[in-house]
Chemist: 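What follows is a structure written as structure tokens; I'll ask about it next.
Along the sequence shown, residues are numbered consecutively beginning with 1. Excluded from the calculations below are hydrogen atoms, water molecules and symmetry mates; all remaining heavy atoms, backbone and side chain alike, are included.
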Amino acid sequence: MKENVPTKANPTDNVWKKTWRQIDLRFEEVLIVVGFAIFILLINLQVINRYVLPFIEIGNITTWTEEISRYIFIFVSFLGASLAIKKRENIRVNILVDRFPEHIRNAIDAANSLFMLYFSYLMVMYGFDLVAFQFETNQSTPAMGIPMAIPYSAIPIGFLFMGIRLIQTLIEDVKGMTPKDGVTAVALSILFILPAILFKDGSITLLLFGYFVFFILFGMQIAFALGVSTLATVLATDAIPVDFFPQTAFTSIDSFPIMAVPFFIAAGVIMGNSSIIKKLLHLSDELLGFLPGGLALVAIVTSMFFSAISGSGPATVAAIGTLLIPAMIKQGYHPGFSAAVVAAAGTIGIIIPPSNPLVIYGVVSQSSISELFMAGIIPGVLTGAALMLVTYVISKKNGWQGDRESFSLKGTLIAAWDAKWALLVPVIILGGIYGGIMTPTEAAAVAAAYGLVIGIFVYKDLDYKAVYKSLATAGVTSAVIILLIVMANIFGRLITLEQVAEAVADFVLAISENKLVILLLLNVFLLLVGLVLEALAAIVILTPILLPMAMELGIDPIHFGVIMIFNLAIGLITPPVGVNLFVSAGVMKLKIEQVIRGIIPLLITMIIILLLVTYVPDISMWLVNLLGD
């Protein structure tokens, strides 16, 4: 009898498997990092050529570097969105879904994936039709003269990769599902499309917003909820042709100002991974550490410093909270209050410039980003000062003393000198913008390059692996935001067609024509939105609806932008979706209830400042008007 001899694994097969695994794991990531490196370099070359080497004009460098950078940015954004799907790093609302049993959650996720996959499929099909049309009409780019079909191909290629990643996640989800879960998923899918069938001749607005709210509540990624709800409405009503979707997706982000978002995110991630944050903390400690509540005050001041680098609330909380919350608890502060102070201080990150939400508002509202940055300075500083005052009073009452007896001028000067490279960042960004040297996008690119140079060559705490990781993280984070803008523009087509903004204005003005009352109603509405919707999503969805009404009342778009961002900043520290609360609680694995108790006096303080910013426009507009004069 012949023995069964185990067959040896084919070495070639193993090599192919390993290679495929690496491609699957790193494909988008490598392209994102290369793309980021290229357009950071190109925009910095543009600035250098303008001021340092003006006698070397390389083929109209300002025009072609900007054009290439825009198109690479578009490709990188869609690849980043694909990677975000793979990593499941997308913005969604889980309040309702988390209450369901696990098998229902699995079925809902599967149903959502099917709808997202169908949307991606249509974007691929109509996207390739758009590319073919560009070839047929021989359209080319203005500066480089390359066929427009090449940049337009970012749409079908990007959504093709998103579709592949959606299939992969769907397969992973289905593996853990029982036949009963599968039947539930199919039943839910049918349930989801029923309104489009039953209300085919109904109101476009009702169907559009009904579907959007429905998909949001059932945990679909907010970006896709915008796109899928628009698609469902269009398929039911023929309001606009579906083949407009890819064209809108491209033109909505073919914009130089919007590139400030990935650059500022990259600068924040890069500098957050270097020792810059520690040097800022040391300087703040030398300035305030001797006062009652010294460490808590240090957290607020450092947040204000770091906000002028990162432009992100959660990023500021994560960077500062990891270092300071444990130290505060060790020194005797109440754990909930320690986390609450850092969470509240992190809100300054989206008020004080450079702020990513202000950039997004500027792009969506077509307002000056430079003026929005200027308008955010005084409200941001005022918020920080008010939080410091309340923190000082609470700390003194509880006997939370500083970590030393007195202020040391010598120690402060040494710390300031040690932090000089970090302190130069806001000078470069804001000085470059308001000195007329750079646009906000160029200033953001210079800040990202500056962070790389300081981290690699000066502080020497960033190796090439850390740089790769930082750029990959920035790519995914910014892509989630950019995809949101893409889908919001598709969604906005129907909003414009149905004159939703005008209807909302008529409705509100029917309640009252008193400007003060309407401002109060707007604040209440935005605060409620901030309870359940992430700030960036709220900006891209609500700005086209609310801004026309505000302008009709005589509210300056810049002032309204600050009001909106301030409201949504408060949303970062209000449950159930308050991101800053969860980030700060996660640092020490505290119960969210502990942090909520600690945040109450700080939350009340911010609402008071909000009312001041709302009803005293000069707080926001004084510097803007001064700059204009």
Side-chain angles (χ1 to χ4, degrees), residues 267-331 333 337-355 377 380-392 395 400 402-404 407-408 411-427 429-430 447 451 454-455 459 461 569 572-573 580 583-584 587-588 602:
V269 173
I270 289 163
M271 295 184 202
N273 288 334
S274 74
S275 59
I276 281 179
I277 191 71
K278 293 180 181 177
K279 294 180 186 299
L280 290 174
L281 280 170
H282 183 214
L283 174 59
S284 301
D285 188 48
E286 287 293 334
L287 284 168
L288 300 164
F290 66 96
L291 294 169
L295 275 182
L297 299 176
V298 166
I300 297 170
V301 170
T302 309
S303 293
M304 294 172 72
F305 277 133
F306 194 66
S307 295
I309 297 173
S310 73
S312 167
T316 302
V317 174
I320 292 170
T322 304
L323 296 170
L324 272 190
I325 294 174
M328 290 168 69
I329 293 172
K330 188 176 179 181
Q331 200 168 306
Y333 291 76
F337 180 77
S338 303
V341 167
V342 175
T347 62
I348 302 170
I350 73 167
I351 301 169
I352 209 165
S355 155
I377 292 174
V381 172
L382 184 61
T383 303
L387 291 175
M388 288 174 67
L389 177 62
V390 173
T391 299
Y392 175 84
S395 299
W400 297 327
D403 56 6
R404 61 183 187 280
F407 172 76
S408 168
T412 302
L413 292 174
I414 292 171
W417 179 253
D418 193 38
K420 59 185 179 296
W421 299 112
L423 295 174
L424 275 175
V425 177
V427 175
I429 295 172
L430 300 180
I454 297 302
Y459 293 148
D461 52 5
L572 291 173
I573 55 170
N580 284 15
V583 173
S584 62
V587 170
M588 292 298 291
L602 304 174

Chemist: State, to 0.1 Å, how close Ala569 and Thr347 come at their nearest heavy-atom pair, and which atoms those are.
Modeler: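 In terms of heavy atoms, the two residues are closest at O-CG2, 3.3 Å.
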
Chemist: Assess whether atom NZ of Lys330 is packed by more than 12 heavy atoms of other residues, nucleotides or ligands within 6.0 Å.
Modeler: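 Count not over threshold, so no.
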
Chemist: When rounded to the nearest 0.5 angstrom, what is the spacing between CD1 in Ile573 and CG in Leu602?
Modeler: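 Ile573 CD1 to Leu602 CG: 7.0 Å, rounded to 0.5 Å.
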
Chemist: Check whether any side-chain heavy atom of Thr391 lies under 4.5 Å from a side-chain heavy atom of Phe337, and answer yes or no.
Modeler: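 Touching, per the 4.5 Å side-chain cut-off.
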
Chemist: At their closest point, which heavy atom of Ala416 faces which heavy atom of Leu423, and how far apart are they?
Modeler: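 Closest approach of Ala416 to Leu423, heavy atoms only: O-CD1, 3.9 Å.
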
Chemist: For Ala345 and Ser303, work out which heavy atoms get closest and say how close.
Modeler: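 Closest approach of Ala345 to Ser303, heavy atoms only: CB-OG, 3.3 Å.
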
Chemist: Are any non-hydrogen side-chain atoms of Val381 and Ile348 less than 4.5 angstrom apart?
Modeler: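 Heavy-atom side-chain distance check fails, nothing below 4.5 Å.
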
Chemist: Using 0.5 Å steps for rounding, measure from the CG atom of Leu413 to the CG atom of Leu283.
Modeler: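 One gets 10.0 Å once the value is rounded to the nearest 0.5 Å.
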
Chemist: Minimum heavy-atom separation for Leu295 and Asp285, please, with both atom names.
Modeler: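 It is CD2-OD1, 4.4 Å.
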
Chemist: Can you name the side chain to side chain contact (heavy atoms under 4.5 Å, CB included) partners of Leu382, sequence neighbours left out?
Modeler: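 Side chain to side chain contact (heavy atoms under 4.5 Å, CB included) check on Leu382 returns Ile609, Ile619.
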
Chemist: OH of Tyr333 to CD1 of Ile325: how many Å apart, nearest 0.5 Å?
Modeler: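 Those atoms lie 13.0 Å apart.
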
Chemist: Once rounded to the nearest 0.5 Å, what's the spacing between atom CD of Gln331 and atom CG of Leu324?
Modeler: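 Nearest 0.5 Å value for the CD-CG distance: 10.0 Å.
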
Chemist: Considering residues at least two apart in sequence or located in another chain, which fulfil the side-chain hydrogen bond (donor to acceptor under 3.5 Å, both in side chains) criterion with Ser275?
Modeler: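 Partners of Ser275 by the side-chain hydrogen bond (donor to acceptor under 3.5 Å, both in side chains) criterion, ordered by chain and then number, come out as Asp461.
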
Chemist: Are Lys279 and Tyr459 in a cation-pi setup, meaning NZ or CZ lies under 6.0 angstrom from the ring centre and within 45 degrees of the ring axis?
Modeler: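 Yes, Lys279 sits over the ring of Tyr459.
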
Chemist: Say you draw a straight line from OG of Ser284 to CD1 of Ile320; how long is it, rounded to the nearest 0.5 Å?
Modeler: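 That separation rounds to 8.0 Å.
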
Chemist: Should we count CH2 of Trp421 as having more than 12 external heavy atoms under 6.0 Å?
Modeler: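 At most 12 heavy atoms, drawn from other residues, nucleotides or ligands, come within 6.0 Å of this atom.
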
Chemist: Measure across Ser355 and Ile352 and return the closest heavy-atom pair with its distance rounded to 0.1 Å.
Modeler: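 Looking at all heavy atoms of both residues, the shortest contact is CB-O, 3.7 Å.
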
Chemist: Rounded to the nearest 0.5 Å, how far does CG of Leu430 lie from CD1 of Ile377?
Modeler: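 If we round to the nearest 0.5 Å, Ile377:CD1 and Leu430:CG are 5.5 Å apart.
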
Chemist: Check whether any side-chain N or O of Asp418 sits under 3.5 Å from a backbone N or O of Ile414 as a donor-acceptor pair, and report yes or no.
Modeler: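 Here the side-chain-to-backbone pair does not exist.
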
Chemist: List the atom of Gly321, the atom of Pro326, and the distance in Å for their closest heavy-atom pair.
Modeler: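 Nearest heavy atoms, Gly321 then Pro326: O-CD, 3.4 Å.
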
